[in-house]
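Written below as structure tokens is the structure these notes are about.
Reminder, nothing fancy here: chain letters follow the sequence lines and each chain counts from 1.
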Amino acid sequence: MKIATWNVNSIAVRLPQLVDWLKATQPDVVCLQEIKCTDDCFPAQSLSELGYQAVTWGQRTYNGVAILSRGPMVDARRGFPEDPGDAQCRLLDVMIGPVRVINVYVPNGSHVGSEKYVYKLAWLARLRRYFDESCSTNQPLVLCGDFNIAPEPRDVHDPVLWEGRILFSKPEREALRVIGEWGLVDVFRRHHSEPGLFSWWDYRAGAFRRNHGLRIDHLWATPALAGVSNSAEIDRNMRKLDRPSDHAPVIAEFMVNVP
DNA sequence: ATGGTAGATACTCTA
């Protein structure tokens, strides 16, 4: 199983890049974030022609998640069980063969101490509860997406500058650690230990050119599944294109067969 | 300490 996560920052703008990338990369499963469109506007037809089915949970303007798969997806769940009908579209959970795939777009949080920051920390606590209540560490499971948190100093281009700021504040890192403690392994870090490997670069101030980035897009797996991962890579080339997303795809391969 | 850019929508908000 080759699985990828990519915050596309508008599926409407990024569709041509996504199509070319699917042809070149040939993943079995793709988790998308920030599709920024409602389900009826999602380009399912274009992706179906490439052999991908889509499960989507989108809204206008903001947020929105989707999972693409070559094989059938069953038991789709959208959001937390306690979510109201007008909840922000940030969590999609499906079964693909034996593997459970959970795609998240964690709230950005805006600024430390803001109302959105409080919402982000509460959302992360709910995610941990979601695992406690409806998942098992014995099942092959991947949690992936835009976590909007860099876990460690080596995931930040300038940890001193970023310490205490949004995406790298201690409470955010702690909330992420608590989710991992449920029983998930950072698959990327099984294969790469060095600093300077990022998945997101701000559009502003030439951040990509200077490699002023953060590693905030993650692929985590339950231990047995993580143990059969062959590779994990960040596809920086997608950030070099004209009109890029501010995020690059993260891809992992597991020695597991999916339909 | 601030602003820089990009996307969607509609004359601003979010990231």
Using the [atom1] atom as the point on both nucleotides, what is the distance between [M] and [N], in whole Å?
N	M	atom1	value
B:dT9	B:dT14	C1'	12 Å
B:dG7	B:dC11	C1'	16 Å
B:dA1	B:dT12	P	28 Å

- Message: Within the structure provided, determine whether A:Ile216 and A:Ile149 are in side-chain contact (heavy-atom separation under 4.5 Å).
- Response: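 When only atoms from C-beta onward are counted, A:Ile149 and A:Ile216 do not touch, as no gap falls below 4.5 Å.
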- DNA chain B: A:Asn63 or A:Asp202, which has the more 5' nearest nucleotide?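 By nearest-heavy-atom nucleotide position, the 5'-most residue is A:Asp202.
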- Want to settle it: does A:Arg204 or A:Ser10 sit nearer the 5' end of DNA chain B, counting the closest nucleotide to each?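 The residue closer to the strand's 5' end, by nearest nucleotide, is A:Arg204.
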- Task: Verify the ring-centre separation between A:Trp220 and A:Phe147: is it less than 6.0 angstrom?
- Result: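 Yes, they do, as the ring centres are separated by less than 6.0 Å.
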- Query: Do A:Trp201 and A:Phe208 have their ring centres less than 6.0 Å from each other?
  - Reply: yes
- Does A:Arg60 put a side-chain nitrogen or oxygen below 4.0 Å from OP1 or OP2 of B:dA10?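 Answer yes for this pair, as a side-chain N or O of A:Arg60 is under 4.0 Å from OP1 or OP2.
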- Query: Looking only at side-chain N and O atoms, does A:Arg243 come under 4.0 Å of OP1 or OP2 in B:dG7?
  - Reply: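 Yes.
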- Which part of the nucleic acid, if any, lies within contact of A:Tyr105, taking any heavy atom under 4.0 Å across all strands shown: a base, the sugar-phosphate backbone alone, or nothing?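 Touches sugar-phosphate only.
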Could you tell me how far apart [X] ([atom1]) and [N] ([atom2]) are, to the nearest whole angstrom?
X	N	atom1	atom2	answer
A:Leu15	B:dG7	CG	C1'	16 Å
A:Leu32	B:dG7	CG	P	16 Å
A:Lys36	B:dA6	NZ	P	13 Å
A:Arg209	B:dG4	CZ	C1'	12 Å
A:Asp146	B:dT14	CG	P	17 Å
A:Glu34	B:dT9	CD	P	13 Å
A:Arg210	B:dT5	CZ	P	12 Å
A:Asn108	B:dC13	CG	P	16 Å

Nearest-nucleotide pick for [X], side chain only, options being [options]:
X	options	result
A:Arg14	B:dG3, B:dA8, B:dG7	B:dG7
A:Lys116	B:dG3, B:dC13, B:dA15	B:dA15
A:Tyr203	B:dC13, B:dA15, B:dA6	B:dA6

- Does A:Leu141 offer a backbone N or O that forms a donor-acceptor pair with the side chain of A:Thr222 under 3.5 Å?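 Yes; at least one donor-acceptor contact below 3.5 Å.
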- Message: In terms of relative ring orientation, are A:Trp21 and A:Trp6 parallel, tilted or perpendicular, with 30° and 60° separating the classes?
- Response: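 Tilted.
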